[in-house]
There are 2 protein chains.
Amino acid sequence: MSEDSTFAVTVDLVVLTVRDEELSALLVRRGVPPHEGCWALPGGFVHLDEDLVDAAIRELTEETGVADPAGHLEQLGSYGTPGRDPRGRVVTVAYLALLPDLPTPVAGSDAAQAQWRSVSELSDSELAFDHDQILADGVERARAKLEYTPLAAAFCPPEFTIAQLRAVYETVWNTRLDPRNFHRKVTGTPGFLAPVGRATEGDRGRPAQLFHRGPASLLYPPMLRPPTG
Amino acid sequence: MSEDSTFAVTVDLVVLTVRDEELSALLVRRGVPPHEGCWALPGGFVHLDEDLVDAAIRELTEETGVADPAGHLEQLGSYGTPGRDPRGRVVTVAYLALLPDLPTPVAGSDAAQAQWRSVSELSDSELAFDHDQILADGVERARAKLEYTPLAAAFCPPEFTIAQLRAVYETVWNTRLDPRNFHRKVTGTPGFLAPVGRATEGDRGRPAQLFHRGPASLLYPPMLRPPTG
DNA sequence: TGAATAGTGTCTCTTAGACACTATTTA
DNA sequence: TAAATAGTGTCTAAGAGACACTATTCA
């Protein structure tokens, strides 16, 4: 082996969900130094015989108590600037998870506390290490991916209505979309949605058809965000 | 430090250019085991006090002899499956570089040989380690990014014509684009191109206006690839 | 019945794509 | 002059956005 191998490798997770009209991230309060008492992204050291994505799944399960429901997990990027961790040279591989709003979300084992926090209400430099930057990158990735993939459905339960899907777009993009044009658009994009054949019951108003995720992995044509400004 | 820190961290580079109507990648022939004699992506170990992107820039300079001309460099992703390197647990952070076709490209120091290879003519499993996968991911990233960023210009010299830019799109996407519609499209997208004010000389046909990269970092509306199939 | 939400129809404006045409150079 | 390449104009079809209207439920 090379003499350069004095690195530690961790995974950190940007876990996003939509709840109460807010895009929210799962944060944990650190119980040990460094940054003891600070909020941070969930994560931990990669085991020596463990694949990176498996480490991310393990941490996700440990922190949320769920074994990957109908969500989405992808690699976000790596952060390894010298000095980002006072304990030594630590390279972290960040993962982005998109989950439906969970009934009983946070059931951590390691973390002293874990909590959903609204992304828009987090101030800069509130998180430990460089986790502000990682979170911001994850949020931007999620926003961009809603445009050209069907990943908005990853924020929804397995069966969802078009209004629920629209609420995801509106929350993540912090914008308003015309319900009627949105309906035409998503039902007209091949592979985006697969009809369940049933409708909601018991709500106010006309019942809505239920859908699950369609087979498409890319949207064509994409759902472009309204230009900002 | 944690007892998990028996990792080595490397950077590997997917260096792409457009030359002779082909999307080409810079490959080096390995001079030492493992995979001695095989073609591989340029790369090497990250120094202990060195930022990841600086390691990538250093390797790029060492292998190409150029200190980042007018190109583009971004992180592609990390690959760390146990067993991907027989020497031990090695996590590599891959970077994607897009460069103009260089006059005197390959002037490696480490590598026994270095060479531009057409991406389409590379067979599967021709590269060492998991570099086939990394290269494929880099090519797909480049193809996708031409749609919604002005990065096609990174494949061009500092001053270029619209026909050169179109040739980049056609080569990377392996498709044909209507020259007249392409011209209208790129000149009509704000921030994509900045006119130099001069024209080419000495070619056949009417001289073409020269442009350099505009200030935009995102194209709106995007340049969508024609749907395949 | 009215309020509320789901879903369709229609119009307009913008853009993509096809392609005729003009402009400016070299041979 | 012809050949070649650059660049514009125009038509058509498709999609986005605005918004009137119909449909189906609960209170």
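Chain letters run A, B, ... following the sequence lines, proteins first, then strands; residues in each count from 1.
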A/M223 CE to D/dG17 C1', straight-line distance once rounded to whole Å: 12 Å
Which residues share a salt bridge (Lys or Arg N to Asp or Glu O under 4.0 Å) with A/R117, sequence neighbours left out: A/E126
Distance-only side-chain donor-acceptor flag, A/S78 / B/S78, under 3.5 Å: yes
Side chain to side chain contact (heavy atoms under 4.5 Å, CB included) partners for B/K185, two or more places apart: B/T189, B/P221, B/M223
Whole-Å distance separating the CZ atom of A/F211 from the C1' atom of C/dG7: 10 Å
Separation of C/dT15 P from B/D178 CG (nearest whole Å): 18 Å
B/F192 CZ - C/dT15 P separation (whole Å): 16 Å
Closest-nucleotide 5' rank along DNA chain C - winner of A/G205 and B/P221: A/G205
Sugar-phosphate, base or nothing in reach of A/A163, heavy atoms under 4.0 Å: sugar-phosphate
Partners passing ring-ring contact (aromatic ring centres under 6.0 Å, His included) against A/W39 (at least two apart in sequence or in another chain): none
Atom-to-atom span, CZ of B/F182 to P of C/dT15 - whole angstrom: 17 Å
Rounded interatomic separation in angstrom, taking CG from A/L177 and C1' from D/dC19: 16 Å
A/E170: salt bridge (Lys or Arg N to Asp or Glu O under 4.0 Å) partners, not counting sequence neighbours: A/R166, A/R176
Residue met sooner reading DNA chain C from 5', once B/D203 and B/L224 are mapped to nucleotides: B/L224
Below 3.5 Å is the cut-off: list the nitrogen or oxygen pairs between protein and nucleotides 20-23 of chain D, distance only.
residue : atom : partner : partner atom : Å
D/dA20  : N7   : A/R180  : NH1          : 3.1
D/dA20  : N6   : A/R180  : NH1          : 3.2
D/dA23  : O4'  : A/R206  : NH1          : 3.4
D/dA23  : N3   : A/R206  : NH1          : 3.4

Phosphate contact (D/dG15 OP1 or OP2) by A/K185 side-chain N/O below 4.0 Å: no
Protein-nucleotide distance (A/R184, atom CZ; C/dT10, atom C1'), rounded to Å: 9 Å
Nearest-nucleotide 5' precedence on DNA chain D, A/N181 against A/R204: A/N181
Distance below 4.0 Å between A/H183 side-chain N/O and C/dT8 OP1 or OP2: yes
Residue list, ring-ring contact (aromatic ring centres under 6.0 Å, His included) with B/F192, at least two apart or on another chain: none
Check: B/Y79/B/D137 side-chain N/O donor and acceptor closer than 3.5 Å: yes
Sugar-phosphate, base or nothing in reach of A/E201, heavy atoms under 4.0 Å: nothing
Gap between atoms CD and P, on A/Q209 and C/dT5 respectively (whole Å): 18 Å
